[in-house]
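Quick caveat, the model's predicted, so the values are computed rather than measured. Sequential numbering from 1 along the given sequence is applied to the chain's residues.
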Amino acid sequence: MTSPAKQTSLSTHVLDAARGKPAADLEVVLSRMNEQVATAHTDEDGRIRWDVPLNPGDYLLHFATGAWFASAGRETLYPAVDVHVTVGAGHTHVALLLSPFAYTTYRGS
């Protein structure tokens, strides 16, 4: 008996660590092998669940942090944050903790 294959999916969550709030309306571009797969903006909770078919492999999440900070009249050192991830079968969640002069990322659940 063969078990069903897990569907590949990807989500992200961005938190404004300096303000202790979700980073709402931040543009994120998802690409693979230098080709854009999808573009979305974080929701009010700072989340995106990519609603596009994905195959396992390497992807790039491009967070437009400079424009996002500028829209709030805030200065930042980072005009963009690029996170390269390997997405496998099943679900991958990438979290980004963001402040104007630092950021960190990790695999969430």
Side-chain angles (χ1 to χ4, degrees):
M1 185 165 163
T2 307
S3 60
K6 291 183 180 180
Q7 185 172 349
T8 300
S9 62
L10 177 66
S11 62
T12 189
H13 188 195
V14 185
L15 296 170
D16 181 343
R19 295 207 168 150
K21 296 181 178 182
D25 200 32
L26 189 146
E27 182 181 51
V28 184
V29 177
L30 175 64
S31 335
R32 182 162 191 212
M33 297 168 58
N34 296 321
E35 288 191 31
Q36 184 174 317
V37 174
T39 300
H41 285 80
T42 55
D43 64 15
E44 289 182 10
D45 195 34
R47 297 178 184 273
I48 297 171
R49 183 168 183 101
W50 298 99
D51 194 17
V52 294
L54 300 175
N55 293 315
D58 295 340
Y59 288 85
L60 170 69
L61 290 165
H62 175 85
F63 297 86
T65 53
W68 185 78
F69 279 115
S71 71
R74 297 165 70 192
E75 182 182 353
T76 184
L77 180 64
Y78 302 103
V81 171
D82 289 338
V83 179
H84 296 258
V85 297
T86 299
V87 175
H91 183 68
T92 301
H93 181 75
V94 177
L96 175 67
L97 300 177
L98 181 63
S99 72
F101 303 103
Y103 68 88
T104 189
T105 184
Y106 61 92
R107 182 178 181 160
S109 57

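Linking Ile, Leu, Val, Met, Phe, Trp and Tyr residues whenever their side-chain heavy atoms come within less than 4.5 Å places F101 and V81 in a single cluster. There is no path of hydrophobic side-chain contacts, each under 4.5 Å, that joins V29 to Y78. Placement of V14 and V83 within a single hydrophobic cluster is found when ILVMFWY residues are connected by side-chain heavy-atom separations under 4.5 Å, directly or transitively.
Between T92 atom OG1 and R107 atom CZ the span is 4.5 Å, to the nearest 0.5 Å. The distance from atom NE2 of H62 to atom CD of E27, rounded to the nearest 0.5 Å, is 7.5 Å. The structure places CG of D16 at 11.5 Å from OG1 of T65, a figure rounded to the nearest 0.5 Å. Atoms CZ and CG, on F69 and L98 in that order, are 4.0 Å from each other to the nearest 0.5 Å. Here CZ of F63 is found 7.0 Å from CD1 of I48. Values are rounded to the nearest 0.5 Å. Atoms CZ and OG, from R74 and S99 in turn, are 8.5 Å apart once rounded to the nearest 0.5 Å.
In terms of heavy-atom proximity, T42 sits nearest to A23 at OG1-O, 2.5 Å. In terms of heavy atoms, T8 sits closest to L54 at CB-O, 3.4 Å. Across every non-hydrogen atom of D25 and H41, the tightest pair is OD1-CD2, 3.4 Å. Closest approach of R47 to D45, counting heavy atoms only: NE-OD2, 2.7 Å. The minimum heavy-atom distance between E44 and P22, with the atom names listed, is O-CB, 3.6 Å. Here the shortest heavy-atom pairing between G66 and T76 reads CA-CG2, 4.0 Å.
Checked by atom type and distance alone, the side chain of T86 never pairs as donor or acceptor with a backbone atom of D58 at under 3.5 Å. W68 contributes a side-chain N or O that, together with a main-chain N or O of A24, makes up a donor-acceptor pair within less than 3.5 Å.
Side-chain contact between Y59 and V94 is absent, with no heavy atoms from C-beta onward closer than 4.5 Å. L61 is listed as a side-chain neighbour of L30, based on a closest heavy-atom distance under 4.5 Å. Side-chain contact between S9 and R49 is present, with heavy atoms from C-beta onward closer than 4.5 Å.
For residues 29-40, the set of pairs meeting the side chain to side chain donor-acceptor pair (under 3.5 Å) definition, not counting sequence neighbours, comprises Q36-T39.
Under the 4.5 angstrom side-chain criterion for Ile, Leu, Val, Met, Phe, Trp and Tyr, the cluster partners of L97 are L15, Y106.
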Let's go through V28 and W50 carefully: what are the C-alpha distance in whole Å and the side-chain angles of both, what is the deciding distance for side-chain contact (heavy atoms from CB on, under 4.5 Å) to 0.1 Å, and is it a yes or a no?
CA-CA 10 Å; V28 184; W50 298 99; 3.7 Å; yes
